[in-house]
Protein chains: 2
Amino acid sequence: MPHRKKSNINITPVQLAPEFQFALSVDCVIFGYDRGVLKVLLIESDLPSFKGQWSLLGDLMHPDENLDQASHRILRERTGLKDMFLEQVKTFSSIDRHPAGRVITTAYFALVNVRDYQLKKLDHNLHWHVVSDIQSLAFDHKEILDQSLEALRKKIQEGPIIFNLLEKKFSMRDLQNVFEQILGVSMDRRNFRKKIFSTGLLKDEEEMEKQVNHRPGKLYSFNYETYEQLKKKSSSDFRF
Amino acid sequence: MPHRKKSNINITPVQLAPEFQFALSVDCVIFGYDRGVLKVLLIESDLPSFKGQWSLLGDLMHPDENLDQASHRILRERTGLKDMFLEQVKTFSSIDRHPAGRVITTAYFALVNVRDYQLKKLDHNLHWHVVSDIQSLAFDHKEILDQSLEALRKKIQEGPIIFNLLEKKFSMRDLQNVFEQILGVSMDRRNFRKKIFSTGLLKDEEEMEKQVNHRPGKLYSFNYETYEQLKKKSSSDFRF
DNA sequence: ACAAAAGTGTTGCTGGTACACCCATGT
DNA sequence: ACATGGGTGTACCAGCAACACTTTTGT
């Protein structure tokens, strides 16, 4: 696999028919959950006009791929991860959103397991940033981040995508913590457990947390098989 | 205002750098509610490969506008309506979705009041089609319609956008009917009224339906001022 | 008079929320 | 022993669903 340079989009101005005076890119908002905190993977911008600022991982779309494929390619090239959870958020098209010319970008959000990512680190210009600490980003990427986070908030309540942020086996506390981080609320522990267990979709792994300096919690996994069966039967949309 | 030709996108092949081998278009899914039935405004396709098929209203994006502006322009040019409710749904980018070349399209859905539209009819190749009767459309427009309808279903439950489909003054029956048409369910009349009234956002217009061959119902309007105040105060997201 | 839809309350159920004590582990 | 978070049950309340009869208009 060719290792593409990690620079931001760089466009050479050309004289073109108006219908073709656009470039199309994909920007990925890569969310990760790292020991209690929601983070996003950013790259240092090397465009002069955004010197020292951070930006999302993006690239121009290739002629032989669609947007979904482009977003997967970006994730693969930059993080080494395959088959990640990726979802289209919105397309951003302000006329002056990119200093180099007319670049329309489609935002995707990705949910990755930080531990998987660490095994395959490829690029030392990438860093995880605490989402709630981010004040500004290069281009219109702060707005893209905000809207992606909003989309994520909705989606985690519609389906069991949140497990993409956790390891296969996780504690109840971690699960509740991710919800709280993303939604920006705090929840009652007993009610949370009740609600989660009432779905019948968690499998008790008969295993315990280790190396915690308090009473260790049980580990669970999400039962995708049961979930798929349940989806087929109750055709109405499932609220997690 | 120049009256643009109503043909579908027509691209002259040019030799270009790969980054520019795209065209960008907007397709509008224009929903209307007409005497009890949910409809969508379609145009007869004049591309040879889609002869006789219907398609959504679309056009290429102009270099001096963003996607939101393009969608408003399309609606204005084709229906004469301004300031319509328009919302971005998704961007469709299959490699072979358009026979003339690589065209990426962003779908918007619009909600129009059919009576307003009829006052300003501009184009006799446009026709309203009953949404539930549509089996297939040109290009990938059936998929775009399906996903737009799905987006509409979600959105009408998150905010009071449904009133864009009705006249300013409407009967309780019409309101319930639009919900039922869009969601594809039937609801209990008493519970529906209770729920709607409990928001406190309907204004009794002290007026009655006319020329119906049964007991006439009261007419109501949606109180946007009260709604805006309510939104400010309760910062949490309002469920309609 | 008849047909068609408007208008109107009560009851039961379900799901959400609030809340406090004992337990297992590491230091 | 102490600190830290794990594990557990109950009672209340609000919102949703089910359900039937009388009223008003046009024909």
Side-chain angles (χ1 to χ4, degrees), chain A residues 33 35-37 153 156-158 160 166-167 169-181 183-221 230 234 236-240, chain B residues 33 35-37 153 156-158 160 166-167 169-181 183-221 230 234 236-240:
Chain A
Y33 172 74
R35 285 158 297 171
V37 188
R153 285 191 181 122
I156 59 169
Q157 308 191 56
E158 293 171 4
L166 299 168
E167 297 177 63
K169 299 176 182 179
F170 50 85
S171 67
M172 213 22 92
R173 164 140 303 269
D174 269 334
L175 182 56
Q176 180 174 346
N177 228 318
V178 195
F179 269 107
E180 291 181 337
Q181 287 281 317
L183 298 177
V185 297
S186 67
M187 301 172 176
D188 179 89
R189 254 169 64 241
R190 279 176 289 193
N191 294 336
F192 180 79
R193 297 168 69 89
K194 221 184 311 174
K195 185 173 167 181
I196 297 292
F197 285 134
S198 75
T199 65
L201 290 171
L202 283 208
K203 190 165 137 204
D204 185 339
E205 289 285 342
E206 315 273 351
E207 233 178 289
M208 292 295 185
E209 286 182 297
K210 272 160 196 160
Q211 291 161 328
V212 287
N213 64 340
H214 56 75
R215 174 174 174 180
K218 278 191 179 183
L219 296 181
Y220 299 91
S221 63
L230 199 143
S234 58
S236 67
D237 52 351
F238 176 73
R239 301 246 130 206
F240 187 63
Chain B
Y33 172 74
R35 283 159 299 171
V37 188
R153 285 192 181 122
I156 59 170
Q157 309 191 57
E158 293 171 5
L166 299 168
E167 298 178 62
K169 300 176 184 181
F170 50 84
S171 68
M172 214 21 94
R173 165 138 303 268
D174 269 335
L175 182 57
Q176 180 174 346
N177 228 317
V178 195
F179 269 107
E180 291 181 336
Q181 287 281 316
L183 298 176
V185 297
S186 66
M187 301 171 177
D188 179 88
R189 255 170 61 239
R190 280 176 288 191
N191 293 336
F192 180 80
R193 298 168 68 91
K194 221 182 312 172
K195 187 173 165 181
I196 297 292
F197 286 133
S198 75
T199 64
L201 291 170
L202 283 208
K203 189 164 138 206
D204 187 338
E205 289 285 341
E206 314 274 351
E207 233 178 289
M208 292 294 184
E209 287 182 297
K210 270 158 195 160
Q211 291 162 329
V212 288
N213 63 341
H214 57 75
R215 175 174 174 178
K218 277 191 178 184
L219 296 182
Y220 300 90
S221 64
L230 199 145
S234 59
S236 66
D237 53 352
F238 176 73
R239 301 247 129 206
F240 187 65

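Just so we're on the same page: letters track the sequence lines, and every chain starts at 1. From a predicted model like this one, the values you see are computed outputs, not experimental measurements.
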Can you tell me how far [atom2] of [N] sits from [atom1] of [X], to the nearest Å?
{"X": "A:K218", "N": "D:dG5", "atom1": "NZ", "atom2": "C1'", "answer": "16 Å"}
{"X": "A:N213", "N": "C:dG26", "atom1": "CG", "atom2": "C1'", "answer": "6 Å"}
{"X": "A:K210", "N": "C:dT25", "atom1": "NZ", "atom2": "C1'", "answer": "14 Å"}
{"X": "A:M208", "N": "C:dG26", "atom1": "CE", "atom2": "C1'", "answer": "15 Å"}
{"X": "B:D204", "N": "C:dA6", "atom1": "CG", "atom2": "P", "answer": "15 Å"}
{"X": "A:E209", "N": "D:dG6", "atom1": "CD", "atom2": "P", "answer": "7 Å"}
{"X": "A:L219", "N": "D:dG7", "atom1": "CG", "atom2": "C1'", "answer": "15 Å"}

Just so I know, are the side chains of [X] and [Y] near enough to count as touching, which here means a heavy-atom distance under 4.5 Å?
{"X": "A:L175", "Y": "A:F179", "answer": "yes"}
{"X": "A:F197", "Y": "A:D204", "answer": "no"}
{"X": "B:V212", "Y": "B:E209", "answer": "yes"}
{"X": "A:N191", "Y": "A:K194", "answer": "yes"}

Task: DNA chain D contacts made by residues 188-201 of chain B, counting heavy atoms under 4.0 Å - done: B:D188, B:R190, B:N191, B:K194
Open item on the list: Using only atom types and a distance under 3.5 Å, with no angle test, would you say the side chain of B:E205 pairs donor to acceptor with the backbone of B:Y220?
Closed with: no
Open item on the list: Here's a test of your reading of the structure: between B:R215 and A:P216, which maps to the more 5' nucleotide of DNA chain D?
Closed with: A:P216
Open item on the list: Pick the closest DNA chain C nucleotide for B:Y220 and for B:H214 by heavy atoms, then say which residue is nearer the 5' end.
Closed with: B:H214
- [ ] Identify whether the distance between the nearest side-chain nitrogen and carboxylate oxygen of B:E207 and B:K169 falls below 4.0 Å.
- [x] yes
